[in-house]
Amino acid sequence: MSTRIPFLKGHGTENDFVIVPDPENTLDLPPAAVAALCDRRAGIGGDGLLHVVRSAEHPEAAHLAGEAEWFMDYRNGDGSVAEMCGNGVRVFARYLQRAGHVTEGDLAVATRGGVKKVHIAKDGDVTVGMGKALLPEGDVTVSVGDRSWPARNVNMGNPHAVAFVDNLAHAGDLYSPPPFSPAAAYPSGVNVEFVVDRGPSHVAMRVHERGAGETRSCGTGACAVAVAAARRDGADPATTGSPATYTVDVPGGTLVITEQTDGEIEMTGPAVIVAEGEIDADWLENAVG
């Protein structure tokens, strides 16, 4: 292991990441190393880690090298491997731009969830293609304390229950998972979004992410909320023939979600690099050991 390992720190609507550039895939980053780096007290701190590798140099992405030069080897903060992270892709693209690997405009990023289309705008915002939503049938209810609400079941590659409420404070502290029923609707747990209206095509949300509690931002959650709001408002693009765009306020900022007439969903928002430096390789080796 090199004695000097460069890193950067970035965030997208306060969903924050440790960024480790490693174009040739020479670093060994076992789960314990990732967890140590993402530790907010003993490490750098982050919701996850973006390992930046050329697709051709990574065994999981080599088959995608013809479509996307760069692979986002994304890891959760606990060190586990994840398929995709919408906020993470935006920050990944911002790093590639900062490093001079790409410029404004369109690019493709390989992920374990497939190749994602990305656009870096002149104003600095980054748009990511998030795929299509699935809307499983069946009634779902979520509860907090003595309050209960009907929820829309939306799947963005991960499960969401979207509940429209009168006040975001009704979501409680969101430390523990809000109960839901029927249990069969989400056998592996669910991300629960509580949503209030702020104006025409403008909503605000809080979210409990399964396994993490309340987070400052959730890209797939914002997409799920926009889809649920569009269906509630009679603005299904497949029916109206027009795209549906919603502004979604999250605790960490604002995202703009557009569902196209073919069902493809695009998420637009900021991506910020806040710092860069070097990881002490001896510290990291000891943290893993």
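Fair warning: this is a prediction, and the values are worked out from it, not measured in the lab. Just the heavy atoms: all of them, side chains too, but no hydrogens, waters or symmetry mates, feed the values below.
A salt bridge links Asp16 to Arg40: one of the charged nitrogens lies within less than 4.0 Å of a carboxylate oxygen. At a threshold of 4.0 Å, the pair Arg4-Glu278 counts as salt-bridged, since one of the basic side-chain nitrogens sits closer than that to a carboxylate oxygen. Under a 4.0 Å N-O distance rule, the pair Glu69/Arg54 qualifies as a salt bridge. A salt bridge is absent between Asp106 and Lys117; no separation between the charged side-chain nitrogens and carboxylate oxygens falls under 4.0 Å.
The cluster map of Ile, Leu, Val, Met, Phe, Trp and Tyr, joined by side-chain heavy atoms under 4.5 Å apart, puts Val115 and Val128 in different clusters. Residue Leu29 is not grouped with residue Leu50 when hydrophobic side chains (ILVMFWY) are merged at heavy-atom distances under 4.5 angstrom, including chains of intermediate members.
Using modelled atom types, one finds no donor on one side chain facing an acceptor on the other under 3.5 Å when comparing Thr127 with Glu266. Donor-acceptor pairing under 3.5 Å is recorded for the side chains of Thr26 and Asp22. Side-chain contact of His202 with Asp249: a donor-acceptor pair under 3.5 Å is present, judged by distance alone. Thr220 and Asn158 share a side-chain donor-acceptor pair at under 3.5 Å. Donor-acceptor pairing under 3.5 Å is recorded for the side chains of Ser80 and Asp78.
Within the 4.5 Å cutoff, the side chain of Ile257 has no heavy atoms near those of the Glu259 side chain. Within the 4.5 Å cutoff, the side chain of Ile279 has heavy atoms near those of the Ile44 side chain. In this structure the side chain of Ser143 never reaches within 4.5 angstrom of the side chain of Phe180, judged on heavy atoms. Taking the side chain as every heavy atom from C-beta outward, Ile265 and Thr258 never approach each other to under 4.5 Å. With contacts defined as side-chain heavy-atom distances shorter than 4.5 Å, the pair Phe71/Val109 does not qualify. A 4.5 Å side-chain heavy-atom check between Arg152 and Leu135 finds at least one atom pair inside the cut-off. The side-chain heavy atoms of Val207 and Pro251, taken from C-beta on, include no pair separated by under 4.5 Å.
The two residues Pro159 and Arg210 make their nearest non-hydrogen contact at CD-NH2, 3.4 Å. The shortest non-hydrogen separation linking Pro243 to Gln260 is CG-OE1, 3.5 Å. For Asn87 against Gly12, the heavy-atom pair with the smallest separation is CG-O, 3.9 Å.
Within 6.0 Å of atom CG in Asp139, 12 or fewer heavy atoms from other residues, nucleotides or ligands are found, so the atom counts as exposed in its surroundings. Few gaps surround CG on Asp262; more than 12 heavy atoms of other groups in view lie less than 6.0 Å from it.
Taking the six-membered ring for Trp and thresholds of 30 and 60 degrees, His58 and His51 have ring planes more than 60 degrees apart, a perpendicular arrangement.
The one candidate from Glu193, Arg216, Met205 that meets the side chain to side chain contact (heavy atoms under 4.5 Å, CB included) condition with Val250 is Met205.
One distance of note links CG of Asp236 with CZ of Arg231; it measures 4.0 Å at 0.5 Å rounding.
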- [ ] Kindly indicate, with the supporting measurements, whether the criterion ring-ring contact (aromatic ring centres under 6.0 Å, His included) is fulfilled by Phe92 and Trp70.
- [x] CA-CA 10 Å; Phe92 188 91; Trp70 295 97; 7.4 Å; no
Open item on the list: side-chain contact (heavy atoms from CB on, under 4.5 Å), that's the test. Do Trp283 and Leu37 meet it? Break it down for me.
Closed with: CA-CA 10 Å; Trp283 167 84; Leu37 290 168; 3.7 Å; yes
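Taking the centre and axis of the six-membered ring of Phe164, the NZ or CZ atom of Arg232 falls inside the cone set by 45° and 6.0 Å.
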